[in-house]
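Each chain gets a letter, A, B and so on, in the order the sequences are listed, and its residues count up from 1. These numbers were taken from a predicted model, which means no experiment stands behind them.
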2 protein chains.
Amino acid sequence: ARGREASSPAGAKAAFNVIPELTRVYETKIKPLEDAYSFENFHTPSLSPADIAAKPMVLLMGQYSVGKTTFIKHLLGRDYIGAHIGPEPTTDRFIAVMDGPERSIPGNAAAVSTDLPFTGLSRFGVSFLNKFQVSQSPVPALDNMILIDTPGILSGEKQRIGRAYDFPDVIEWFAQRADMILLLFDAHKLDISDEFKEALMTLRGHDDKIRVVLNKADMVNGQQLMRVYGALMWSLGKVMQTPEVVRVYIGSFWDQPMQNRDCENLLKAEQQDLFNHIKGLPRNAAIRKINEIVKRARLVQVHALIIAHLRHEMPSFFGKGNKQNELMENIEVEFLKVQRMHQLAPGDFPSPERYREKLADFKLQKFPKLDKKSMQAIIDASGALATDLPNLMRQIPEAPQILPSHVQN
Amino acid sequence: ARGREASSPAGAKAAFNVIPELTRVYETKIKPLEDAYSFENFHTPSLSPADIAAKPMVLLMGQYSVGKTTFIKHLLGRDYIGAHIGPEPTTDRFIAVMDGPERSIPGNAAAVSTDLPFTGLSRFGVSFLNKFQVSQSPVPALDNMILIDTPGILSGEKQRIGRAYDFPDVIEWFAQRADMILLLFDAHKLDISDEFKEALMTLRGHDDKIRVVLNKADMVNGQQLMRVYGALMWSLGKVMQTPEVVRVYIGSFWDQPMQNRDCENLLKAEQQDLFNHIKGLPRNAAIRKINEIVKRARLVQVHALIIAHLRHEMPSFFGKGNKQNELMENIEVEFLKVQRMHQLAPGDFPSPERYREKLADFKLQKFPKLDKKSMQAIIDASGALATDLPNLMRQIPEAPQILPSHVQN
Ligand SMILES: Nc1ncnc2c1ncn2[C@@H]1O[C@H](COP(=O)(O)OP(=O)(O)OP(=O)(O)O)[C@@H](O)[C@H]1O
Ligand SMILES: Nc1ncnc2c1ncn2[C@@H]1O[C@H](COP(=O)(O)OP(=O)(O)OP(=O)(O)O)[C@@H](O)[C@H]1O
Ligand SMILES: [Mg+2]
Ligand SMILES: [Mg+2]
């Protein structure tokens with residue numbers, strides 16, 4: 001029965017409900033434990049509601065003029081503020097295209113808006129934020145995702161001069177958060193520059209998110225298309241280190257009629273496949289988020305038990321400093337004690353070296369004793385892991401989400 | 001005028017006349033110098049008329065059941081003796097398919113026939129020759145080439161057991177002599193085994209001769225074909241080290257009607273391209289042979305001048321042994337003298353170490369003095385290099401040769 005419900009519109013709606021509930025579980029059952037034991041100083045910053053609510057992100061990358069901006073416009077079914085299209089390098093900035101009232105938010109403002117998932121970008125400074133912009137449109141296609149348009153990767157000198165920020169670092173930031181990375185190539189003008197190969201290197205570790213689009217495929221005839229496609233796969237095989245073949249979608253992603261109809265059926269089927277894949281993103285993004293929070297919950301639990309144990313070992317009056325030093329020196333032994341005491345998975349324990357380093361900034365006696373309140377926080381986190389999160393997982397629908405009708409088939 | 005003549009049937013015929021004339025030039029102007037100075041002991045055996053006359057060779061390779069034997073049958077337009085076709089591993093031997101009266105010559109007999117270009121195979125011994133066979137047919141398609149059918153490359157254990165000879169060594173022998181190496185893959189069952197990748201390694205250095213056939217392309221639909229082709233290019237890009245993309249011909253090379261017509265036009269165009277390429281082989285083969293003989297002529301000339309110089313340095317009566325040792329020790333210095341004296345290209349000189357080694361087998365005084373006769377031999381070789389061989393080169397027609405009509409378009 002659940003399976004049927006999941007593939008109905010009601011089921012589709014359920015994917016949305018996952019986010020508030022996930023936020024509630026995190027805020028009431030996991031974050032209190034994080035706060036009590038300063039988890040964010042040992043791991044990564046606590047998640048904000050905006051982080052959890054962030055829609056799946058699709059990062060578009062490619063050399064200039066391959067059709068990135070046109071692709072987004074085609075997906076939305078309309079223009080968006082800041083979209084510039086042309087045969088020369090046009091897009092000069094990163095643009096986050098997302099749902100909202102028709103408006104554009106400059107980068108510096110976007111980076112301080114806690115209701116947007118871009119606060120992390122402030123670390124790249126004003127020189128980058130001047131080249132970042134959020135472009136909101138009230139478009140159904142954006143109900144379920146954020147698209148990141150990027151400046152085309154130029155080759156040679158031009159690449160280095162003119163960019164006041166660290167391009168690969170910024171790409172890496174978006175790649176980490178993205179649910180899909182779309183690499184676009186132009187079938188009509190395929191030359192993979194060294195600069196683009198370098199950009200591909202920065203994507204290592206995110207290979208599972210990468211999909212390739214061989215765009216403008218109707219600009220050449222069938223045999224030429226085969227040559228170009230073959231050359232693309234040949235080069236990608238050399239650059240990408242995974243044995244699994246990357247999925248390439250061959251098509252022409254814009255609103256114009258096809259020029260060359262040699263491979264019309266193929267291109268149509270390919271475009272459909274890509275759109276189906278994009279439709280499936282929200283579901284995967286929800287799973288990815290639950291997964292991430294499960295991971296955090298396990299880690300914070302172990303962290304709390306370690307600190308509680310170390311706290312317990314501290315003397316009540318004298319020799320606190322010495323005792324802390326002694327514990328820190330033998331932290332591996334203490335880890336082992338905690339692990340056995342609570343039957344924890346060794347894989348959930350942090351690296352002893354880094355932990356020692358972080359711990360040096362704290363006075364152990366300042367952490368709370370394992371009193372009723374902190375006991376309750378640990379029990380709450382356990383409950384989230386044992387019950388709430390698995391329940392949420394079960395609510396994820398199996399059917400793909402809805403995209404605007406003009407790309408539905 | 002020559003251009004026009006070259007593309008006429010008369011021009012096509014001229015390619016054939018190159019061989020007798022090339023043989024004559026080699027036999028009368030180059031081989032005498034080789035013999036006078038024992039060149040074959042320092043380099044490689046002298047060429048026999050059969051070596052020079054050998055038609056362009058096409059080596060077919062691939063995993064079992066990809067359709068190698070069927071491909072040859074299709075090219076000939078008929079069966080040939082020894083052709084076995086079937087879904088299980090069928091071809092268990094190397095078969096040289098060539099022009100001649102309908103008959104089959106077993107490997108051991110073929111290796112001693114000086115009118116066949118296979119005498120070199122005797123070095124692989126009886127265990128290989130038992131698995132080698134020449135299959136002659138009076139077929140027009142074989143006027144201009146020899147096709148080498150090979151046993152399919154199996155994967156896993158089976159590869160090693162059951163083969164009494166060194167498979168990679170034999171492949172290397174044929175690859176060196178081949179004008180084209182065709183690697184066949186099955187679009188319907190593409191799995192590139194480790195054994196096949198190893199076989200590809202032995203082809204390193206012959207990359208320019210390699211062409212790939214993605215066979216049985218009509219057994220899958222258009223989108224599947226794209227996936228398979230992409231996966232093939234991806235893998236080949238990883239295995240082959242050249243930056244240039246290898247040419248892949250997508251088709252179905254047999255006499256049956258096409259199953260899936262998604263890509264009918266593409267497959268037809270591809271098959272035509274491959275046949276055109278094969279038609280051009282005789283021309284390229286003739287050029288390659290002239291090239292090889294030019295190379296030999298340059299090398300033997302330098303060799304003769306070195307020996308004549310060393311011979312000249314020898315005392316008339318006493319101390320021959322000591323002098324030879326002295327010369328051999330400082331062979332680099334002697335090379336330099338010869339090079340300056342005759343203004344030769346340093347690149348035409350042999351490796352000093354290997355030369356020293358070879359020279360140890362000879363007594364310098366046994367070589368002829370630089371008398372009138374050996375002078376003439378050197379002059380003859382120079383003449384061949386300056387006049388005869390360039391003349392021959394000019395006679396090569398620019399038009400492709402003729403294949404049987406059923407594969408002409
Ligand atoms: N599918 C297509 N077929 C043919 N031409 C296309 C296609 N998509 C876009 N174009 C054309 O290619 C050019 C570049 O398009 P666009 O500006 O969208 O590329 P871009 O990748 O965003 O470039 P940049 O990196 O400079 O921002 C434009 O002239 C556009 O009209
Ligand atoms: N173009 C084609 N399309 C579909 N099937 C084919 C095609 N060519 C050959 N086959 C079939 O594939 C099977 C193997 O063919 P064949 O024996 O020619 O392959 P092979 O590469 O020579 O194999 P082996 O290495 O065992 O000698 C046969 O059943 C044959 O009928
Ligand atoms: Mg753009
Ligand atoms: Mg066979």
Exercise. Please name all residues satisfying side chain to side chain contact (heavy atoms under 4.5 Å, CB included) with B:Val58, sequence neighbours left out, ordered by chain then number.
Key: B:Leu60, B:Met145, B:Leu147, B:Met180, B:Leu182, B:Leu281
Quiz item: With chain A, which of B:Gly237, B:Pro243, B:Cys263 has the greatest number of heavy-atom pairs at distances under 4.5 Å?
Solution: B:Gly237
Mind listing the donor-acceptor pairs under 3.5 Å that bridge chain B and chain A?
residue	atom	partner	partner atom	Å
B:Gln223	NE2	A:Glu270	OE2	2.8
B:Gln223	NE2	A:Asp273	OD2	3.0
B:Met226	O	A:Tyr229	OH	2.8
B:Arg227	NH1	A:Glu270	OE2	2.8
B:Arg227	NH2	A:Val248	O	2.8
B:Arg227	NH2	A:Glu270	OE1	3.3
B:Tyr229	OH	A:Met226	O	2.8
B:Trp234	NE1	A:Pro243	O	3.3
B:Gly237	O	A:Lys238	NZ	2.7
B:Lys238	NZ	A:Gly237	O	2.7
B:Lys238	NZ	A:Met240	O	2.6
B:Lys238	NZ	A:Thr242	O	3.3
B:Met240	O	A:Lys238	NZ	2.6
B:Thr242	O	A:Lys238	NZ	3.3
B:Pro243	O	A:Trp234	NE1	3.3
B:Val248	O	A:Arg227	NH2	2.8
B:Glu270	OE1	A:Arg227	NH2	3.3
B:Glu270	OE2	A:Gln223	NE2	2.8
B:Glu270	OE2	A:Arg227	NH1	2.9
B:Asp273	OD2	A:Gln223	NE2	2.9

Quiz item: Is it the backbone or the side chain of A:Val246 that comes under 4.5 Å from a heavy atom of chain B, or both, or neither?
Solution: both
Exercise. Please state whether the side chain, the backbone, both or neither of A:Leu232 comes within less than 4.5 Å of a heavy atom of chain B.
Key: neither
